[in-house]
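Every chain is numbered from 1, with letters handed out A, B, ... down the list of sequences. Computed from heavy atoms alone, side chains included, the values below leave out hydrogens, waters and symmetry copies.
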Amino acid sequence: MTLFQKTANDFDLEKTLNCGQVFHWEKHGDGFVGAIGESAAYVKQRGAQLCFAGVAEKTIAKYFSLDHPLRKICRSFPDEPGMNAARAFCQGLRIIRQPRWECLATFICSSMKQVAHIRQISLALRKRFGVPVSIAGSVGYAFPSAARLAESTEAELRECALGYRAKNLLASAQRVATGEADLEAWRKLADDELRARLCQLPGVGVKVANCVMLFAYERLRAFPIDVWIERVLREQYFPRRKKVTALELRVFCDQHFGEHGGYAQQYLFHHARTGRRAE
DNA sequence: CTCCAGGGATGAT
DNA sequence: ATCATCCATGGA
């Protein structure tokens, strides 16, 4: 295996892969094995050097969004205790550029699931329907295309532990496979229009749509509100208030966190989920 | 055992 | 327009 190197400043590989935005990278020695699109990849960080194999340098740089102006993005976050703690905890965490269908499909599977189980579902789908790829002496699987999943059955999908989500994944796969839902063409749509299109897909509501917009369409303003973020918001911004409606939270986030709200959200999410116990 | 998880769709107020 | 309920499954 030939290892290449690239300088990556303001980048934390481990946080980027383990923050809950992507679900298939697995620890392998002191690096990670996964796939970027159809290609197996191995990635490891040594200081400011990103070592990689299996894919081209420009593929790595694009996938990990090494061009995002991270310092500027972090400076744009509101200067508040909770946000500052999350910013400090998540240094180097980047929102990556995921393949659109892969991201959409895994988040359709994410509803009412813990991160650990979303990883299991992703692995089961890959093993059963994905193309095997190998690198670093281990076999991985590319995420199955919409066309491949479209020709599966709900029963087969349920065998991957999808439960009630199987029907939605199958129906969405079929719409994407036929071209009725053209995920690539949607990249040109404005945020609101893109969100509306995504929400028309079975199993996709506002939360999942915002995740897909943030992680696969580079809409860095998109602010997914899940149970963790809702808890953080209520604690930090609406303490001592009984009822705060979903719409109220929605409006608050959109105007409060600004043009890189999605980054702020991911930092708050990762900090709340993994960081606060250790502090 | 119980509780809860990166929610969405549906039907009742 | 909000609210309640159901939906499968497994980790904690």
N/O donor-acceptor pair, side chain A/Gln266 with base B/dG6, under 3.5 angstrom: yes
Between A/Phe257 and A/Tyr267, is the gap from one ring center to the other below 6.0 Å? no
Which letter, B, S or -, goes with each nucleotide of nucleotides 5-12 of chain C from 5' to 3', with contact meaning a protein heavy atom under 4.0 Å? --BBBSS-
Are A/Tyr63 and A/Gln98 close enough that a side-chain donor and a side-chain acceptor fall under 3.5 Å? no
First encountered from the 5' end of DNA chain B, between A/Gln200 and A/Cys19: A/Cys19
Spacing of the P atoms in B/dG11 and C/dA8 (rounded, Å): 16 Å
Residues in side-chain hydrogen bond (donor to acceptor under 3.5 Å, both in side chains) with A/Arg126, at least two apart? A/His24, A/Glu102, A/Ser122
Distance check needed: B/dG7 C1' versus A/Leu169 CG, whole Å only. 15 Å
Report yes if the ring of A/Phe269 lies under 5.5 Å from the six-membered base ring of B/dG6 with planes under 30°, and no otherwise. yes
For Watson-Crick and G-U wobble pairs within 3.5 Å on both distances, what is DNA chain C written in dot-bracket notation, | included for inter-strand pairing? |||||||.||||
To the nearest Å, how far apart are A/Glu230 CD and B/dA5 P? 11 Å
How close or far is atom P of B/dG6 from atom NE2 of A/His271, stated in whole angstroms? 17 Å
Whole-Å P distance, C/dG10 and B/dA9: 23 Å
Remember a base hit wins even if backbone is also touched, and classify A/Gly205 as base, sugar-phosphate or nothing at under 4.0 Å, heavy atoms. sugar-phosphate
Would you say the ring centers of A/Tyr42 and A/Phe32 fall short of 6.0 Å from each other? no
Got a donor-acceptor contact below 3.5 angstrom from the A/Arg187 side chain to the A/Glu184 backbone? yes
Thinking salt bridges, do A/Arg158 and A/Glu154 make one under a 4.0 Å N-O criterion? yes
Expressed in whole Å, how much space separates the P atoms belonging to C/dC6 and B/dG6? 23 Å
With clusters defined by side-chain heavy atoms of hydrophobic residues (ILVMFWY) lying less than 4.5 Å apart, directly or transitively, does A/Tyr217 cluster with A/Phe64? no
Selected nucleotide, minimal atom distance to A/Arg273 side chain, candidates B/dA5, B/dG6, B/dG7: B/dG6
Let me know which of A/Ile108, A/Asn168, A/Val212 forms a side-chain contact (heavy atoms from CB on, under 4.5 Å) with A/Val204. A/Ile108
Write down the distance separating the C1' atoms in B/dC1 and C/dC7, rounded off to the nearest Å. 22 Å
Would you mind reading off the distance between A/Tyr267 atom OH and B/dG6 atom C1', rounded to a whole angstrom? 18 Å
Quick one: are the ring centres of A/Tyr263 and A/Phe77 less than 6.0 Å apart? no
note: A/Ile108, atom CD1; B/dA5, atom P; distance rounded to Å ~ 21 Å
